[in-house]
> 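Supplied in structure tokens, the structure appears directly below.
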Amino acid sequence: MFSRLVVIFLVLLANTCSRNKATQQQITSIQQKRWSLTEMEGQKLTNSPVWLEFDATARRFNGNGGCNKVAGEYELTGNEITFKKVISTRMACIDAASNERESALLRMLNDRTYTVRMEEQQLQFRDSGRVALQFTGKTKVKNTK
């Protein structure tokens with residue numbers, strides 16, 4: 001009986017480790033895409049101008065908050081991402097809704113840690129089990145200039 005329990009435990013441990021490794025490989029591939037924001041705090045967004053790109057070597061991100069350029073540092077540990085030192089340009093948005101969305105995004109990124117979940121072309125940042133931010137990935141277009 002004891003040997004069966006040991007075998008079951010080892011099988012479960014092996015499955016958990018391989019799943020975590022696969023998840024880590026998926027998550028580290030975030031730098032290969034431009035991530036367009038499709039949902040924020042439960043609100044679906046269509047044709048959102050907000051996007052992020054990640055540079056794994058420099059551990060930095062940059063993008064567009066809707067009205068302004070955004071950038072900062074990030075740290076990826078296991079399936080968690082922590083954003084630090086988030087900055088943005090300070091141009092005024094044309095309308096109040098865009099301004100509110102961008103301000104909320106900056107608050108959600110600055111000094112925050114999320115659980116990362118990736119499926120297909122979807123990237124989710126989760127907080128306490130709920131989707132805080134969701135992005136759709138597109139292959140980066142290389143600058144030929």
> Do L133 and M118 sit in the same hydrophobic cluster, where Ile, Leu, Val, Met, Phe, Trp and Tyr count as joined when their side-chain heavy atoms come under 4.5 Å apart?
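Yes, one cluster joins them.
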
> Where is the tightest heavy-atom contact between D111 and K84, given as atom of each residue plus distance?
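Distance-wise, the nearest heavy atoms are OD1-CA, 3.9 Å.
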
> Rounded at 0.5 Å granularity, tell me how far SG in C67 sits from CE in M91.
8.0 Å

> Is there a path of hydrophobic side-chain contacts, each under 4.5 Å between heavy atoms of I, L, V, M, F, W or Y residues, that connects M108 with F135?
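Result: yes, single cluster for both.
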
> Could you pull out the closest heavy-atom pair between R112 and D127, with the gap in Å?
NH2-OD2, 3.1 Å

> Would you name the heavy atoms of V50 and G65 that are closest together and state the gap between them?
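Distance-wise, the nearest heavy atoms are CG2-O, 3.4 Å.
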
> In Å and rounded to the nearest 0.5 Å, what is the CD1 to CG distance from I81 to N79?
11.0 Å

> Any chance you could lay out the side chain to side chain contact (heavy atoms under 4.5 Å, CB included) test for F61 and V86, step after step, and finish with the verdict?
CA-CA 9 Å; F61 73 92; V86 177; 3.9 Å; yes

> Mind checking whether Y114 and F83 have parallel, tilted or perpendicular rings, split at 30° and 60°?
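Because their plane-to-plane angle is over 60°, the rings of Y114 and F83 count as perpendicular.
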
> Can you tell me how far the CZ atom of R34 sits from the CG atom of L52, to the nearest 0.5 Å?
10.0 Å

> For the atom pair CG (L109) and OG1 (T82), what is the distance rounded to the nearest 0.5 Å?
12.0 Å

> Start with the C-alpha distance between K44 and T38, add both sets of side-chain angles, then the distance that settles side chain to side chain contact (heavy atoms under 4.5 Å, CB included), and finish with yes or no.
CA-CA 6 Å; K44 301 278 186 197; T38 57; over 6 Å; no

> Between Q122 and T136, do the side chains contain an N or O donor and an N or O acceptor separated by less than 3.5 Å?
yes

> Mind listing the closest non-hydrogen atom pair of S36 and K138 along with its distance?
OG-NZ, 4.2 Å

> Can you name the closest pair of heavy atoms from M40 and A104 and give their distance?
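Looks like CE-CB, 3.7 Å.
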
> Which atom names give the shortest non-hydrogen contact between G66 and E102, and what distance separates them?
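For G66 versus E102, the nearest heavy atoms are N-OE2, 3.5 Å.
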
> About how many Å separate OH of Y74 and CZ of R60, when rounded to the nearest 0.5 Å?
11.0 Å

> Count I, L, V, M, F, W, Y as connected when their side-chain heavy atoms are under 4.5 Å apart, and connections chain through other members. Are W35 and L37 then in the same cluster?
yes

> How far apart are the C-alpha atoms of E73 and R59, what are their side-chain angles, what is the distance that settles it, and do they pass the salt bridge (charged side-chain N to carboxylate O under 4.0 Å, His left out) test?
CA-CA 6 Å; E73 298 175 2; R59 294 186 179 152; over 6 Å; no

> Start with the C-alpha gap between V116 and F125, add the side-chain angles, then the distance that decides, and say whether side chain to side chain contact (heavy atoms under 4.5 Å, CB included) holds.
CA-CA 5 Å; V116 178; F125 297 151; 4.1 Å; yes

> Which distance, rounded to the nearest 0.5 Å, do you find between the CD of E41 and the CZ of R130?
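CZ of R130 is found 6.0 Å from CD of E41.
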
